[in-house]
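What follows is a set of notes on a single structure, which appears directly below.
Keep in mind that this is a model prediction, so the values were computed, not measured. Residue numbers start from 1 in every chain, and the chains themselves are labelled A, B, ... in the order their sequence lines are given, proteins ahead of strands. As a basis for the values below, the full set of heavy atoms in this structure was taken, side chains included, without hydrogen atoms, waters or symmetry mates.
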2 protein chains.
Amino acid sequence: MTDMATLAPPESVEAFRERLAALTDTLPKRLKQCAEHIAQHSDRIAVSTVAELAAGADVPPSALMRFCQIMGFSGFSEMQKLFREAYMPGFPDYSTRLANLRQSGSGSPAALLGEFVEAGRLSLESLAKSVDEEALAAAVDILKGADTIHLMGLRRAFAVSSYLAYALEKMEIPAMLHDGIGKFDHRHAMRAGDALLAITFAPYSEETLALARDARQRGLPVVAITDRLTSPLARHASATLTVPEVDFGAFRSLSATIALAISLAVAVGAARSSA
Amino acid sequence: MTDMATLAPPESVEAFRERLAALTDTLPKRLKQCAEHIAQHSDRIAVSTVAELAAGADVPPSALMRFCQIMGFSGFSEMQKLFREAYMPGFPDYSTRLANLRQSGSGSPAALLGEFVEAGRLSLESLAKSVDEEALAAAVDILKGADTIHLMGLRRAFAVSSYLAYALEKMEIPAMLHDGIGKFDHRHAMRAGDALLAITFAPYSEETLALARDARQRGLPVVAITDRLTSPLARHASATLTVPEVDFGAFRSLSATIALAISLAVAVGAARSSA
DNA sequence: GTCATTTTGGAATTTTTATTCCATTCTTGC
DNA sequence: GCAAGAATGGAATAAAAATTCCAAAATGAC
């Protein structure tokens, strides 16, 4: 760190992150500690003091000050300003509103809604944190090559499989929704070259497991969306995607499952149309 | 405000809100301004200074200090501490993770997922902010008195109506899902004493509108879940719930719609079982 | 191993921010 | 309309935080 032509401070959190990523490797020990701690806890910058962050990174406050300057800020305060302004963008009083909703008499419809909104949000955040990018890419790979995509998910998972059927149809991708109507199992509709996307959560639906087993035995690739890597569905799957859905009461919000499913569908759509 | 036996400071954001609500009406002008501004922007407390908040409430800083003390804190700093500590976003590094996801090459499945997760979150937050509690209560009222609840929603709304059918079935509430199979419209399955819950978004499904119109003409109450109060579905409805769903690309996340729908179902379930 | 250069830790300083205090202005009961 | 009490605004003070600076330690080139 000899010279460091004072460049303009990052103007957005994204720009900040980019510069941070670019710089981290070039920094000496203490400053790298700062960079890593900041990268890990960037959401605390807005509500912490220099001393607190420095303690967290296990460096003296002056090291953290130097770090801020290297990032292009005049000092810590300028950096903090960026994060304070970005704090809760778009929906400033969401948390207030949510608190009011949840408080509006337990059991009241509004309070219930508050709980489900929160459950959905937690599920989505948790999904973003835990998603296995490789498994997702593998799943896209499998489905983009399939002649017809068979969709199987019953009971609570039926909402997801039916939405996928809608999305795939819209993108003109051949898909078949196995809906269990009349107890026809339609297993013979699955032909060589097809793939199965199966969705089930505990307690696992026997019909879904059976269809996945059948597909597997006949050599068709199976993509699983389920709740755990050790789920019985995963045993039959070539790629397994897990969703950490938060329940409220007896029902789950499905937000995370649907987000994952629709992402998968759109990624497959993009892959097929560019092929 | 003569004497104010110094009581212990609130230990949680909920306790804070309760005390705030209880106190607001007893306060003189300036202090009430503080209370109202704080109630409205409690999420900014963690990242603001006394001067900033005071300016926002249009009072001098000393008034705000007095307000903090009346709330039971030793001063502003102690109050701010409560909010800074409470701000542990459910999953500490969610925002970092999300930023990484979205950055992972546009068009990649992971990047798509990042976008859908964000769209879902925004939808949920927006729903919490905009939900019409009275309309929600009215909808529960209508549905809790119905003999059979008829569910109608096609295309993208079918995921929602089918999930509702699942939830109502689980709660042993008589419900019938109109699925459009074989183009049977099943309108005559709707009997006096029943109610219809219809769901459609632009471009509105003709079948759904037709069924709602029919129910209306026969004097059955109709609850609508749609995207705008001016939607054609709302014209046939006794209660209209609107959902501000955020799209990403051609598809919506459905998170908010499902959260609203399931809340409605559970509230109806609770109302019926306690009746 | 020595010297030049970079990096570091902590004490000293400056700036910002919170907090107190009190003179003045409003209210309200009579 | 007058007094007594409450509420208010702003200047003065105290506290906390950010920032700078420099001597000491570490590193690395020769």
For dT20(C) and Q69(B) - does any side-chain N or O of the residue sit under 4.0 Å from the phosphate oxygens OP1/OP2? yes
Among the nucleotides dA18(D), dT20(C), dA18(C), whichever has the atom closest to the side chain of V50(B) is dA18(C)
Any S77(A) side-chain nitrogen or oxygen under 4.0 Å from OP1 or OP2 of dT19(D): yes
Can you check the L27(B) CG to dA7(D) P distance for me, whole Å? 9 Å
Using whole Å, what does the distance between atom P of nucleotide dT19(C) and atom CE of M71(B) come to? 15 Å
Distance, rounded to the nearest Å, where F73(A) contributes CZ and dA18(D) contributes C1': 15 Å
Nearest to side-chain heavy atoms of P28(B), which nucleotide of dA7(D), dT8(C), dT19(C): dA7(D)
How long is the line joining NZ of K32(A) and P of dT8(C), in whole Å? 11 Å
At under 4.0 Å between heavy atoms, what does S62(B) touch on the DNA or RNA strands: base, sugar-phosphate, or nothing? base
Quick one: D58(B) CG to dG9(D) P, roughly how many Å, whole number? 9 Å
Could you tell me how far apart L64(B) (CG) and dT19(C) (C1') are, to the nearest whole angstrom? 12 Å
Most 5' of K29(A) and E78(B) on DNA chain C, judged by nearest nucleotide: K29(A)
Give a yes/no answer on whether the side chain of R66(A) brings an N or O atom under 4.0 Å of OP1 or OP2 in dT7(C). no
With distance as the sole criterion, is a donor-acceptor pair present between the side chains of E245(A) and S253(A) under 3.5 Å? yes
Can you tell me which nucleotide in dA18(D), dT20(C), dT8(D) comes closest to the side chain of T49(A)? dA18(D)
Taken to the nearest whole Å, CD/Q80(B) to C1'/dT19(C) is 14 Å
Heavy-atom pair with the smallest gap, counting every atom of A202(A) and D227(A): N-OD2, 3.0 Å
Nearest whole Å is fine: how far is dC21(D) P from M65(A) CE? 12 Å
Ring-ring centroid check F83(A) F16(A), cutoff 6.0 Å: yes
Is the shortest side-chain N to carboxylate O distance from R121(A) to E118(A) below 4.0 Å? yes
Less than 6.0 angstrom from the centroid, inside 45 degrees of the normal: does R156(A) satisfy that with respect to the ring of F201(A)? no
